[in-house]
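First comes the structure, then the notes that go with it.
Atoms considered below: every heavy atom in the structure, side chains included; atoms not considered: hydrogens, waters and symmetry mates. Counting starts at 1 for both ligands and their atoms, in listed order.
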Amino acid sequence: MNIIKYYILVLAGLLIISCKTNNENDLALNDIKTSKTLSIEDKVDALLAKMTLEEKIGQMNQYNGFWDVTGPVPKDGDQAKKYDHLRKGYVGSMLNVRGVKDVKAVQKIAVEETRLGIPLIIGFDVIHGYETLTPIPLAESASWDLEAIKNSAEMAAKESSAAGINWTFAPMVDISRDARWGRVMEGAGEDTYLGSKIAVARVNGFQGEDLSAHHSIAACAKHFAAYGFAESGRDYNTADVGTSTLNNIILPPFKAAKEANVRTFMNSFNELNGIPATGDKYLQRDILKGQWGFDGFVVSDWGSITEMIAHGHAKDGKHAAEIAANAGSDMDMESYLYVEELAGLVKEGKVDEKLIDDAARRILRVKFELGLFDDPYKYLDEAREKEVIGSQEIHDAALDMAKKSIVLLKNENNLLPLKKEGQKIALIGALAADKTSPLGSWRIAAKDNTAVSVLEGLNQYTGNTVTYTKGADVSIGKEEFAFEIKVNTTDKSGFSKAIQTAKQADVVVMVLGEHGFMSGEGRSRTDLGLPGVQQELLEAVYKVNKNIVLVLNNGRPLTITWADKNIPAIVEAWQLGTQSGHAIAQVLYGDYNPSGKLPMTFPRNVGQVPIYYNYKNTGRPVLPGEDVVFWSHFQDEKNDPLYVFGHGLSYTSFDYSNLKVDNTFSNNNTVTVSVDLTNSGKVKGKEVVQLYIRDLYASVTRPVKELKGFELVELEPGETKKIQLTLTKDELGFFNNQGEFIVEDGDFEVYIGGSSKTTLQDKFTL
Ligand code: BGC
């Protein structure tokens with residue numbers, strides 16, 4: 001063999017070996033991604049072993065959508081950088097990219113152009129529906145119907161997943177006692193027990209039985225933690241809460257979501273006791289990932305890593321990234337800091353690479369669980385998108401949920417339900433004809449003017465004549481992402497027509513309240529009355545016709561004290577989503593008997609806020625009949641609210657009797673409470689039977705009442721049913737100030753009834 005031949009052979013050999021090695025690598029990568037035999041944990045480990053530090057950090061980086069649908073042309077420098085990062089595999093997730101076409105475009109780059117082809121997880125705020133909207137979460141919570149709430153989340157998952165989304169930033173499980181806070185609309189209200197049950201229902205609805213099914217999406221418990229306790233209800237404001245409130249009120253719904261296997265958490269904008277939640281190691285590493293053993297991942301809130309600079313906690317962006325990563329924030333939403341700073345911080349020894357591995361592992365785990373590695377395009381089926389979005393099934397579910405969310409606050413002389421024939425109805429209020437406001441403010445994928453208005457709903461009933469006039473505006477100005485809703489405070493030019501119309505009517509239906517854009521993120525209020533001139537309009541109409549049904553549209557409790565005193569019928573209809581008008585009309589006409597109960601206390605006056613049913617007694621509680629100065633009260637207002645937590649009427653009536661308490665706690669850790677519930681009215685109806693306890697004395701004081709059980713019961717007229725609810729140590733115990741859950745011996749009162757005001761009472765001793 002001559003020397004040239006020899007070299008050719010050696011070269012060929014080397015080529016073969018190198019090709020083989022490359023193939024083996026490729027094969028191995030594909031094997032890892034799609035293996036039917038390896039466990040998810042093995043796959044994650046094997047994949048991690050192939051990743052560079054920068055690629056692992058890339059998984060921790062989330063960008064807001066930047067894709068230009070007309071082509072992959074980034075619009076400015078920043079976009080170009082994001083695009084470049086995407087192609088390098090330095091982006092693990094995107095949010096606000098939606099629709100099969102757009103999601104496919106970004107997913108294709110991640111899967112086909114990056115070195116390892118790791119798919120993106122696509123996040124979106126599917127808060128109460130996607131394009132078809134269900135009621136705002138606060139309204140859904142008023143149903144106390146866990147099955148319906150779960151179904152509503154399931155439908156939202158179905159519709160959004162058909163648009164390519166596989167991760168929702170919901171449920172928001174923040175407890176709040178402050179109606180000034182605009183985001184109360186997004187939560188389950190003021191109560192920890194109800195909030196925990198709803199958190200579980202919503203997580204189960206979004207995530208389904210099988211997270212890898214193409215119609216289920218990963219859920220996100222947010223905002224960890226204490227965001228709902230922002231001082232004075234001003235959004236993003238400081239929260240300063242004690243150990244007892246943190247452990248007993250704020251954390252349990254998050255824990256419940258974790259137990260339901262929620263796959264992600266989002267931290268919060270606020271600082272808690274001096275530390276921004278995003279940089280709080282105690283919350284994220286010690287409690288969530290440590291004590292609770294959470295194995296999903298934590299995403300920061302939008303830009304909240306950078307915001308630690310403004311909070312006065314981080315010196316600069318690099319410092320903020322260091323604090324957040326060390327504290328356990330796994331993914332950076334829109335601070336651009338992890339991708340810029342983390343590799344350097346690891347090299348300098350300021351962030352341990354093991355923590356990067358841990359964060360990337362958590363994110364990859366969820367991607368594997370979603371089945372994204374088996375088929376990154378599984379959510380991207382154009383035919384399904386067409387078929388599912390806006391389908392009849394989803395609209396039916398939205399209507400069902402909307403009806404169940406309505407609360408009948410007052411119904412004097414049975415003004416409701418309305419007669420179906422021969423009535424002249426005056427319909428008044430700008431919101432009565434509004435087809436956008438019922439969609440609320442979390443409605444990024446919904447089109448304007450797509451909700452059924454009350455006017456349209458009432459017009460379905462042809463036996464009466466409906467005359468509509470606006471009376472007064474609620475809002476003026478641009479509504480598309482209207483961060484500035486301008487409330488009309490002066491224009492009363494529509495009053496005289498409204499008064500004329502009301503004069504000629506048998507019944508006046510007035511739809512008043514807040515525009516959908518007046519609650520939600522960044523929309524705190526100091527005045528909880530009817531905005532603008534609506535209160536004046538109500539009083540002006542009342543002067544000429546007292547037969548008024550007030551339908552409230554709002555995203556939070558309002559101080560409608562005058563209305564409660566004067567208006568005979570009041571219906572709380574929140575922002576009910578796409579099917580709003582149909583649901584309201586069916587309730588007004590009695591085709592649906594309302595059964596909602598308030599998940600949040602309605603104050604008489606904004607000065608009472610924060611106000612909630614499970615307050616502490618104080619050392620100077622009100623003594624009935626005593627009219628002295630030195631007790632815990634206001635000089636100018638009552639202590640008690642306008643409408644209590646759990647309040648809600650029906651077109652029938654319910655009687656409670658025969659309350660029995662069976663205390664077998666010392667034998668089998670159970671106290672059983674039973675009561676007979678009778679439908680004493682003339683129509684079929686549903687009642688939420690509510691069980692409250694009071695632990696009379698404890699090493700850490702307990703509230704005057706605590707919800708510890710409920711059941712939604714439907715009864716025919718005249719029917720009686722025995723309802724049995726059980727209390728175990730989970731309901732009877734509490735967290736002490738060392739963070740231990742304890743059950744103490746002592747005396748307890750038990751209350752059962754149709755609201756937190758119930759006085760039907762018994763007691764037992766542990
Ligand atoms: C909100 C989050 C939301 C995120 C993404 C933030 O401003 O606080 O709740 O999920 O934006 O849209």
Side-chain angles (χ1 to χ4, degrees), residues 61-66 91-98 120-130 133 136-138 153 156-157 160 163 165-176 181-188 199 202-203 206 217-230 233-239 253-254 257 262-272 276-278 280 283 296-308 310-311 324 329-336 440-446 481-483 517 519-524 555:
N61 181 32
Q62 184 188 53
Y63 281 146
N64 190 50
F66 60 86
V91 183
S93 171
M94 294 194 68
L95 77 152
N96 293 334
V97 185
R98 63 189 164 90
L120 300 164
I121 179 169
I122 305 289
F124 194 76
D125 290 284
V126 185
I127 305 298
H128 53 109
Y130 175 69
L133 293 184
I136 55 170
L138 185 67
S160 57
I165 284 143
N166 41 48
W167 175 25
T168 175
F169 305 126
M172 185 187 101
V173 304
D174 298 306
I175 296 299
S176 182
W181 190 47
R183 289 192 90 164
V184 297
M185 55 73 61
E186 200 179 338
R202 304 193 78 215
V203 169
F206 287 129
I217 58 178
C220 179
K222 69 186 190 185
H223 305 86
F224 200 60
Y227 185 42
F229 275 67
R234 181 158 55 81
D235 208 0
Y236 318 121
N237 204 2
T238 299
F254 287 100
V262 69
R263 299 318 290 137
T264 72
F265 267 60
M266 184 185 290
N267 55 37
S268 54
F269 290 126
N270 58 284
E271 67 164 67
L272 170 62
T278 305
D280 195 332
L283 283 176
F297 69 89
V298 180
V299 63
S300 81
D301 204 345
W302 181 292
S304 68
I305 301 180
T306 306
E307 289 179 14
M308 288 198 289
H311 274 293
S329 294
D330 300 311
M331 187 181 276
D332 171 359
M333 182 195 286
E334 280 289 300
S335 280
Y336 319 129
S441 61
W442 270 125
R443 36 142 306 194
I444 311 167
F481 285 105
F483 292 110
F517 281 119
S519 56
E521 185 174 348
R523 293 165 171 102
S524 299

>> Hydrogens and angles aside, do Tyr227 and Asp235 bring a side-chain donor and acceptor to less than 3.5 Å of each other?
In response: yes

> When Phe124 is tested against each of Trp167, Phe206, Trp442, Tyr130 for ring-ring contact (aromatic ring centres under 6.0 Å, His included), which residue passes?
Replying inline: Tyr130

> Going by distance alone, is a donor N or O of one side chain under 3.5 Å from an acceptor N or O of the other, for Ser268 and Asn270?
Replying inline: yes

>> Show me, by chain and number, every protein residue that has a heavy-atom distance under 4.0 Å to ligand 1.
In response: Leu95, Asp125, Phe169, Arg183, Lys222, His223, Met266, Phe269, Asp301, Trp302, Met333, Glu521

> CZ of Phe254 to CG of Asp174: how many Å apart, nearest 0.5 Å?
Replying inline: 4.5 Å

> What is the minimum heavy-atom distance between Thr264 and Ala219, and which atoms define it?
Replying inline: OG1-O, 2.8 Å

>> Applying ring-ring contact (aromatic ring centres under 6.0 Å, His included) to Trp302 and Phe169, what does each step give before you reach the verdict?
In response: CA-CA 11 Å; Trp302 181 292; Phe169 305 126; 9.4 Å; no

